[in-house]
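The block underneath contains the structure these notes are about, expressed in structure tokens.
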Amino acid sequence: MEEKMDLLDYLKAKIQNSNYPVVITGPRITFPSDTLPFKANYFGHSLNDILSLDFLQSNYEIFIKTCILIGEWNKKKPNYIHESIKELDIPIITENIDMLHTIAGSKKVIQLLGNIQDFVCTKCNFSIPFFQSKKYINIHKPFYCPECHSPIKLNIVLKGEAIRNFHHALNEIYKADTLLILGSDLDRWPINKLNQLANKQGSKIIIINEFKV
């Protein structure tokens, strides 16, 4: 609770004179919720490498095993950072896939990279909530679509796929006079692009990457 109040008071002070504050969030805000970083290794491969169209097509068995492990992040709970951002009641643009902002109660969340709450087929319209998929996982190894037998994946954007909701994010950035950037290394598109646009238009930018865990 102390961590939440410290962060919340700090963020409120930073946006108190802002007409339209917006926040961008990245993977570092999830560390207090005990999720693994994208640079972690799974089955001898980095998560960043596995979550790509190329890897899905070339090594589906490891790809789907990793998706199943990542899906267990659905058991994680929002931490004091998510709770603090919820209290600000401002638009959120996130590159995170865990849905913890929504679970915390935030209303306006723009998901750039999808979420891990569902499995979706790469060919047909089949989808199933992650925790209902276990009946298929126990039968099919590796797990294929039960409708058309095509590869399946979490409902996330893989490397090589189009970013989602980018124009919605752009609209928020164009309106923002203050941009909070929490937990992002700003080393990936489109977050780095959104930061550049905000800076170019003269938005006040506050970057925070260190949090108590």
Side-chain angles (χ1 to χ4, degrees), residues 1-39 70 73-118 155-157 163-213:
M1 182 62 71
E2 181 180 350
E3 291 89 348
K4 175 184 173 181
M5 293 309 300
D6 288 346
L7 179 62
L8 181 57
D9 289 344
Y10 178 81
L11 295 177
K12 282 183 175 179
K14 290 297 183 182
I15 67 172
Q16 64 179 348
N17 296 319
S18 175
N19 293 318
Y20 201 92
V22 174
V23 60
I24 288 175
T25 63
R28 289 178 182 270
I29 74 162
T30 68
F31 292 175
S33 293
D34 197 31
T35 58
L36 290 173
F38 267 70
K39 294 179 181 178
I70 296 171
W73 293 359
N74 281 298
K75 297 176 181 177
K76 304 299 181 181
K77 304 297 183 184
N79 59 51
Y80 71 94
I81 306 170
H82 301 100
E83 297 289 349
S84 297
I85 295 171
K86 177 196 71 173
E87 294 297 326
L88 297 178
D89 192 26
I90 63 177
I92 302 166
I93 301 168
T94 187
E95 56 184 328
N96 297 338
I97 57 177
D98 49 37
M99 293 291 286
L100 292 181
H101 285 303
T102 301
I103 294 169
S106 292
K107 301 301 182 185
K108 191 168 187 179
V109 184
I110 298 173
Q111 301 273 159
L112 296 175
L113 300 179
N115 67 79
I116 59 172
Q117 292 189 331
D118 303 287
N155 190 20
I156 60 176
V157 175
I163 295 293
R164 301 176 190 173
N165 301 314
F166 182 60
H167 290 294
H168 294 298
L170 276 179
N171 288 336
E172 295 301 325
I173 293 298
Y174 287 141
K175 291 185 286 186
D177 59 352
T178 300
L179 179 62
L180 302 172
I181 302 176
L182 307 184
S184 175
D185 292 332
L186 297 173
D187 59 352
R188 289 190 298 271
W189 194 89
I191 297 299
N192 52 6
K193 179 65 173 180
L194 296 175
N195 175 49
Q196 291 169 7
L197 289 172
N199 186 60
K200 185 176 181 180
Q201 71 185 13
S203 303
K204 179 182 178 182
I205 298 175
I206 298 103
I207 300 174
I208 307 173
N209 270 334
E210 299 296 328
F211 302 97
K212 295 178 182 178
V213 295

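These values consider heavy atoms only, across backbone and side chains, with no hydrogens, waters or symmetry-generated copies. Counting from 1, the numbers follow the sequence of the chain as shown. This is a predicted model, so every value here is computed, not measured.
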Approximate separation, where rounding is to 0.5 Å, of [X] [atom1] and [Y] [atom2]:
{"X": "T25", "Y": "I191", "atom1": "OG1", "atom2": "CD1", "value": "7.5 Å"}
{"X": "I81", "Y": "L182", "atom1": "CD1", "atom2": "CG", "value": "7.5 Å"}
{"X": "I97", "Y": "L112", "atom1": "CD1", "atom2": "CG", "value": "12.5 Å"}
{"X": "H101", "Y": "N96", "atom1": "NE2", "atom2": "CG", "value": "5.5 Å"}
{"X": "K108", "Y": "D89", "atom1": "NZ", "atom2": "CG", "value": "10.5 Å"}
{"X": "I163", "Y": "K193", "atom1": "CD1", "atom2": "NZ", "value": "14.0 Å"}

Look only at the side chain of [X] and the backbone of [Y], and say whether a donor-acceptor pair between them is shorter than 3.5 Å.
{"X": "D98", "Y": "N74", "value": "no"}
{"X": "D177", "Y": "Y20", "value": "yes"}
{"X": "S203", "Y": "A176", "value": "yes"}

(request) Might you confirm whether atom CG of N171 has over 12 heavy atoms from other residues, nucleotides or ligands at distances under 6.0 Å? (result) yes
(message) Could you check whether atom NZ of K175 has more than 12 heavy atoms from other residues, nucleotides or ligands sitting under 6.0 Å from it?
(response)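 Yes - once you tally the heavy atoms of other residues, nucleotides and ligands closer than 6.0 Å, there are more than 12.
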(message) Between I173 and I93, is the side chain to side chain contact (heavy atoms under 4.5 Å, CB included) condition met? List the steps.
(response) CA-CA 9 Å; I173 293 298; I93 301 168; 4.0 Å; yes
(message) If you apply the rule side chain to side chain contact (heavy atoms under 4.5 Å, CB included), what do you find for K14 with T178, and how did you get there?
(response) CA-CA 9 Å; K14 290 297 183 182; T178 300; 5.9 Å; no
(message) Could you walk me through whether N195 and I24 satisfy the side chain to side chain contact (heavy atoms under 4.5 Å, CB included) test, starting with their C-alpha distance in whole Å, then the side-chain angles of each, then the deciding distance to 0.1 Å, before giving a yes or no?
(response) CA-CA 9 Å; N195 175 49; I24 288 175; 5.6 Å; no
With a 4.5 Å limit on heavy-atom distance, are the side chains of [X] and [Y] in contact?
{"X": "Q117", "Y": "N155", "value": "no"}
{"X": "I208", "Y": "L180", "value": "no"}
{"X": "L170", "Y": "L194", "value": "yes"}
{"X": "L88", "Y": "P21", "value": "no"}
{"X": "P27", "Y": "E95", "value": "yes"}
{"X": "Y80", "Y": "L8", "value": "no"}
{"X": "I207", "Y": "L186", "value": "yes"}
{"X": "I70", "Y": "I156", "value": "no"}

(request) Only counting residues at least two apart or in another chain, list the ones meeting salt bridge (charged side-chain N to carboxylate O under 4.0 Å, His left out) with K75. (result)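 Testing K75 for salt bridge (charged side-chain N to carboxylate O under 4.0 Å, His left out), a comparison that skips the adjacent residues, returns E72.
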(request) Check I110, I92, I90 against E172 for a side chain to side chain contact (heavy atoms under 4.5 Å, CB included) and give me the one that passes. (result)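 Per the side chain to side chain contact (heavy atoms under 4.5 Å, CB included) rule, the option paired with E172 is I110, out of I110, I92, I90.
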Which heavy atom in [X] sits nearest to a heavy atom in [Y], and how many Å separate them?
{"X": "A198", "Y": "L179", "value": "CB-CD2, 3.6 Å"}
{"X": "E83", "Y": "P78", "value": "OE2-CB, 4.1 Å"}
{"X": "V157", "Y": "G114", "value": "CG2-N, 4.3 Å"}

(message) Taking the basic N atoms (NZ, or NE/NH1/NH2) and the acidic carboxylate oxygens, is any pair closer than 4.0 Å for D185 and R28?
(response) yes
(message) Is there a side chain to side chain contact (heavy atoms under 4.5 Å, CB included) between H82 and K77? Walk through the geometry before answering.
(response) CA-CA 9 Å; H82 301 100; K77 304 297 183 184; over 6 Å; no
